[in-house]
Protein chains: 2
Amino acid sequence: MNTPAPVRLLLCDDHAVVRAGLHALLSSADGIEVVGEAGSGEEALALAARVRPDVVLMDLQLGDGMDGVTAIGKLTADGGPRVLVLTMFDTDADITRAVEAGATGYLLKAERPEELFTAIHSAASGRTALSAPVADCLMARMRNPHPTLSEREQEILGQLARGLGNRDIARALFISEATVKTHLGRIYGKLGVETRAGAVSVAKERRLLS
Amino acid sequence: MNTPAPVRLLLCDDHAVVRAGLHALLSSADGIEVVGEAGSGEEALALAARVRPDVVLMDLQLGDGMDGVTAIGKLTADGGPRVLVLTMFDTDADITRAVEAGATGYLLKAERPEELFTAIHSAASGRTALSAPVADCLMARMRNPHPTLSEREQEILGQLARGLGNRDIARALFISEATVKTHLGRIYGKLGVETRAGAVSVAKERRLLS
DNA sequence: TGGCGCATCAACCGATCGGCTGACATCCGG
DNA sequence: CCGGATGTCAGCCGATCGGTTGATGCGCCA
């Protein structure tokens, strides 16, 4: 009985303790070999180019520097490794962005560790790996599509969260005040709120803002 | 040369993967024995009563159910174990609340794992253990005291984040609209903003709201 | 070529907000 | 016992917001 080659895994998480924990946990798992640790998106890219892992296990929240989604895009661009997202949030926006960027799987840190092991092997062979709540979220989204904010609307929202008035938002984005009001009205509709404060609140909760 | 008794440690984190990682990491460390894992504040209390750990390593963000700060309070109430907070955020509000509730130490997950080991031993012998950024934060706070929101102001802020107007906030809290406006004015001053949207934004960032 | 989504702008109006001044009660600690 | 922090309330005013209707231009795709 021949042992298959272990999955070569690269860890990427900005929290050193969590990273070390994952390293310790996964090193003891069969068929998995941790070949590197990165604490940022930049580091992950550099390391991946050098050690050529089969799978990158990546958190989406990477603190300062390169965004997690950006890192996924660059990693998977030219026949790179599979990327398995391991993160804390099962938010619509996060999942969508990660999958669009090229993630092979999406797991939650709340999942049982066994799920993580099998997901890593799935990802290594190119199969999609979603944890149950994430799959639920995707199905729910397809049945009851949450309206998506356009790019411009997100910019408006960003200025809104800075506490700016309509006039200042208009100046900041080089448009007229009337346009700002139009956008805001649509944003309220899409987020299901009626005031600017409510919009900011929902936006922060759904993680629609950096 | 006699080996000192190992520190009996209880883990509490709502993310199973992180928990398992910490378990794997700490089990391999000298002088530490992990005697239990809890995924919620309630579980931590029950387990602590049974296994009598020396130290509880606890995350502040525990998802639904009991709040992390509440759990610390109950754990340390009657000569219980030392509690060492291990969390992701070095926010003023989080640190203050945890320390007031009785935490012996406060570490960040971004810290190096070695810091974690020494902090656990420090906590076991009753010494305070703060990671550098947390200590910085406390010092900065003492030099340049951020004004604290009163309890009532936090309630107002909570309603504000729901997108309510002044009249509705007044009704929700059984006070007059004028009072709401007074509170809001003070909140703006303390948070350094000028609008409700700005207040909600800052509040969410400083984690002043659940 | 004709929709469709998106972004842009205008004018209007009532409701709301934010700032201001001033006031009174309570509670707590020096 | 007095000051300070806190919570409560009032009235006034200009500025801002939110809703509405209606319109134009652009790119995309069937």
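All values below come from the heavy atoms of this structure, side chains included, with hydrogens, waters and symmetry mates left out. All chains are named by letter (A, B, ...) in the order of the sequence lines, taking the proteins before the strands, and each is independently numbered beginning at 1.
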Of the candidates D:dC9, D:dG7, D:dG18, the side chain of B:E153 sits closest to D:dG7

Quick note, A:K181 side chain, CB onward, closest among D:dT6, C:dC12, D:dT8 is C:dC12

Whole-Å distance, A:E177 CD to C:dA11 P, equals 12 Å

When rounded to whole Å, the CD to P distance for the pair A:E151 and C:dT8 reads 11 Å

Hey, are B:Q61 and B:T87 close enough side-chain-wise for a donor-acceptor pair under 3.5 Å?
yes

B:E194 CD to C:dC20 P, in whole Å, measures 11 Å

* Donor-acceptor contact present, side-chain B:H121 to main-chain B:V7, <3.5 Å -> no

Check: D:dC9 base within 3.5 Å donor-acceptor of B:T182 side chain:
yes

Ranking D:dG18, D:dT6, D:dC9 by distance to the side chain of A:Y188, first place goes to D:dG18

Looking at B:D13 and B:R19, is any side-chain nitrogen of the basic one under 4.0 Å from a carboxylate oxygen of the acidic one? no

From the candidates D:dT8, C:dC17, D:dG18, the one with an atom nearest any side-chain atom of B:R186 is D:dT8

Walking DNA chain D from its 5' end, the first of B:S150 and B:A178 to be reached, judged by nearest nucleotide, is B:S150

B:E114 CD: over 12 foreign heavy atoms closer than 6.0 Å: yes

In whole angstroms, the gap separating C1' of D:dC17 from CG of B:L164 amounts to 16 Å

**OP:** Tell me what B:G185 touches on the nucleic acid: a base, only sugar-phosphate, or nothing, going by heavy atoms under 4.0 Å.
**Re:** nothing

Notebook entry, point to check: Any side-chain donor paired with an acceptor under 3.5 Å for B:S150 and B:R152?
Noted result: no

Between CG of A:L184 and C1' of C:dC9 the distance, given in whole Å, is 15 Å

Between A:N166 and D:dT16, is there a side-chain N or O to OP1/OP2 distance below 4.0 Å?
no

Do the side-chain N or O atoms of A:R152 get closer than 4.0 angstrom to the phosphate oxygens (OP1, OP2) of C:dT8? yes

Among C:dA7, D:dT8, D:dT6, the one nearest any side-chain atom of B:K190 is D:dT6

### Query
Got a donor-acceptor contact below 3.5 angstrom from the A:T70 side chain to the A:M66 backbone?
no

State whether a side-chain donor-acceptor pair under 3.5 Å links A:T96 with A:R141. yes

Between B:E205 and A:K204, is there a side-chain N and carboxylate O pair less than 4.0 Å apart?
yes

Q) Checking all strands, does B:T179 fall into the base, sugar-phosphate, or nothing category for heavy-atom contacts under 4.0 angstrom? A) base

To the nearest angstrom, the CD1-P distance between B:I187 and D:dT6 comes to 12 Å

When rounded to whole Å, the CZ to P distance for the pair B:R196 and C:dC17 reads 4 Å

Whole-Å distance, A:R167 CZ to D:dA15 C1', equals 8 Å

Read 5' to 3' with Watson-Crick or G-U pairs under 3.5 Å, [ ] for crossing pairs and | for partners on another strand, DNA chain C gives ||||||||||||||||||||||||||||||

